[in-house]
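As a basis for the values below, the full set of heavy atoms in this structure was taken, side chains included, without hydrogen atoms, waters or symmetry mates. What you are looking at is a predicted structure, and each value in this text was computed from that prediction instead of being measured.
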Amino acid sequence: MQLLPGPVRRLAAWCAVILLASGVAYVAIRLCVELRTAVTPALLALLGTSLLRPLHKRLVKAHVQRSLAAGLTCVAVVAVVGGALYIVVSALIETGDQIVASVRNAARDIADHFGAAGTSLEDMASNARELLGKFGGTAASGVVTGLSVVGEMIAVAVLALLLVFFFLRDSDRAVGTVRSLAPPGAADTVEAMARRAFGAVEGFMRGTTLIALIDALCITVGLLILRVPGAVGLGALVFVGAYIPYLGAFISGTVAVLVALADRGFAIALWALGVVVAVQVLEGHVLQPMIQSRTVQMHPAIVLLALTAGASVAGILGMLLAVPLTAAAFGIVHELQKRYAAASPSAGPSSGAADS
């Protein structure tokens, strides 16, 4: 090694560090994938805990016993999620036939303008039930696999809810647990990093939930005014899609515009597009800076890369988890940068004094 120039040795050292870090990250990701049945509920529970902790703290301050407060918080979550699912399913059931009929009407309009091409579209719409029946017959062969997937999803949801209960109930012991697991002499640094990471996730979840609620309400009101069928269900889709930055808003907005085009025509579809774009502009220029100003700010390119990586590892679930986990990682990096910057000026004078 001494025969190599200094810059080459430094480059080799950095390459070794990068390769080692990449290997550790790859092994960690592979372990998470292999143990996803346990890792996924834990990550979802951490996200849920970061979102529900304020409610639990309010109950504890109201002199409610910690276990009871955690149980009430979980019951409230089940009630809210169950109510939201009931509203969405009811809206889809009530307006499903109307949406299908509007698609068929749109196909007839296309047939009037484009002749044979439109006729084929109308035939496709009229044969939708037959196509669905054939698809259902094919899918029936894999019903056992489908039931196992549904059972796994239910098990993950129940386990995540139980973990949320324990995380909320024992949150007062979290700092002591982190400090006990830290290496000797690094307890303060590890605690600060954990607090910063959890704070970033907490801020992201709170801000995203509030922004998603505002977006969903605005778009639902706009679609109701335009008399677009399934406005409540489309608003719920907007709310869920807001947890996937950029891509979720694009998909949910596109679905809303397509439904408006199918049912109400081109002019109303343009109005629906205007509503979606206006809400997105409001989110990007007003809501995001105001609500998420205290959270970790990430460049859109970083967010898109995180979404892509999450999708490649765990599909839609990976996309949901990618951004908050990246926010936690950025929080840790910022905490280390702050501590390093605070330690550097003090190191200079002490070294100068030692030299003198």
Side-chain angles (χ1 to χ4, degrees), residues 36-94 147-178 194-195 197-217 220 232-244 248 291 295 316-317 320-321 323-325 327-328:
R36 59 185 178 274
T37 306
V39 173
T40 300
L43 293 177
L44 292 176
L46 285 175
L47 297 182
T49 303
S50 65
L51 183 62
L52 300 171
R53 198 166 69 102
L55 175 59
H56 180 260
K57 290 175 63 176
R58 288 180 178 273
L59 292 175
V60 172
K61 287 183 179 179
H63 305 290
V64 179
Q65 200 266 341
R66 295 189 66 88
S67 297
L68 180 59
L72 291 175
T73 304
C74 292
V75 170
V77 171
V78 172
V80 171
V81 173
L85 289 176
Y86 176 78
I87 293 174
V88 172
V89 172
S90 299
L92 292 178
I93 291 175
E94 292 176 0
L147 289 176
S148 64
V149 172
V150 172
E152 182 178 349
M153 293 176 60
I154 294 175
V156 167
V158 173
L159 182 56
L161 185 64
L162 291 175
L163 288 176
V164 168
F165 170 80
F166 291 120
F167 289 168
L168 289 173
R169 189 192 67 177
D170 301 329
S171 58
D172 57 330
R173 308 176 189 174
V175 174
T177 302
V178 170
R195 288 184 180 275
F198 187 79
V201 174
E202 189 175 37
F204 171 82
M205 290 300 295
R206 290 185 193 176
T208 301
T209 301
L210 183 56
I211 291 173
L213 182 60
I214 296 175
D215 288 354
L217 288 176
T220 300
V232 177
L234 294 172
L237 180 63
V238 171
F239 180 82
V240 175
Y243 286 94
I244 304 178
I291 296 175
T295 61
I316 296 178
L317 182 63
L320 289 172
L321 296 174
V323 179
L325 292 180

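Scored by the side-chain hydrogen bond (donor to acceptor under 3.5 Å, both in side chains) test, Thr37 finds no partners at all (sequence neighbours excluded). Remark: Arg36 engages no residue in a salt bridge (charged side-chain N to carboxylate O under 4.0 Å, His left out) (not counting sequence neighbours). Listed by chain and residue number, Leu161 satisfy the side-chain contact (heavy atoms from CB on, under 4.5 Å) test with Val78 (two or more places apart in sequence, or in another chain). Residues that satisfy the side-chain contact (heavy atoms from CB on, under 4.5 Å) test with Ala160, not counting sequence neighbours, are Pro41, Leu44. With sequence neighbours excluded, the residues that form a side-chain contact (heavy atoms from CB on, under 4.5 Å) with Leu217 are Leu213. Applying the side-chain contact (heavy atoms from CB on, under 4.5 Å) criterion to Val158, with sequence neighbours excluded, gives Ile154, Leu162. In this structure Arg195 satisfies the salt bridge (charged side-chain N to carboxylate O under 4.0 Å, His left out) test together with Glu191, sequence neighbours excluded. Not a single ring-ring contact (aromatic ring centres under 6.0 Å, His included) links Phe198 to another residue, sequence neighbours left out.
The shortest non-hydrogen separation linking Ala45 to Leu163 is CB-CB, 3.5 Å. Nearest heavy atom pair, residue Val201 against residue Ala328, reads CG2-CB, 3.6 Å. Residues Ala69 and Val64 share a closest heavy-atom pair of N-CG1, 3.7 Å. Taking all atoms of both residues into account, the shortest heavy-atom contact from Ala216 to Phe239 is CB-CB, 3.8 Å.
Applying the salt bridge (charged side-chain N to carboxylate O under 4.0 Å, His left out) test to pairs two or more places apart or on separate chains, none has a residue in residues 234-244.
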* Dump the intermediate steps for side chain to side chain contact (heavy atoms under 4.5 Å, CB included) on Leu321 and Leu47, then the final yes or no. => CA-CA 9 Å; Leu321 296 174; Leu47 297 182; 3.3 Å; yes
* Could you check Leu59 against Leu72 for side chain to side chain contact (heavy atoms under 4.5 Å, CB included), going step by step and ending with a plain yes or no? => CA-CA 9 Å; Leu59 292 175; Leu72 291 175; 4.2 Å; yes
* To do: Could you go through the side chain to side chain contact (heavy atoms under 4.5 Å, CB included) check for Thr209 and Leu51 one step at a time?
  => CA-CA 9 Å; Thr209 301; Leu51 183 62; 3.5 Å; yes
In a table with atom names and distances, give each donor-acceptor pair under 3.5 Å that connects a side chain of residues 165-174 to protein atoms at least two apart or in another chain.
from, atom 1, to, atom 2, distance (Å)
Ser171, OG, Arg66, NH2, 2.8
Ser171, OG, Leu168, O, 3.1

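To the nearest 0.5 Å, atoms CG (Leu210) and CE (Met205) are separated by 12.5 Å. For the atom pair CZ (Arg53) and CZ (Arg206), the distance works out to 6.5 Å, reported to the nearest 0.5 Å.
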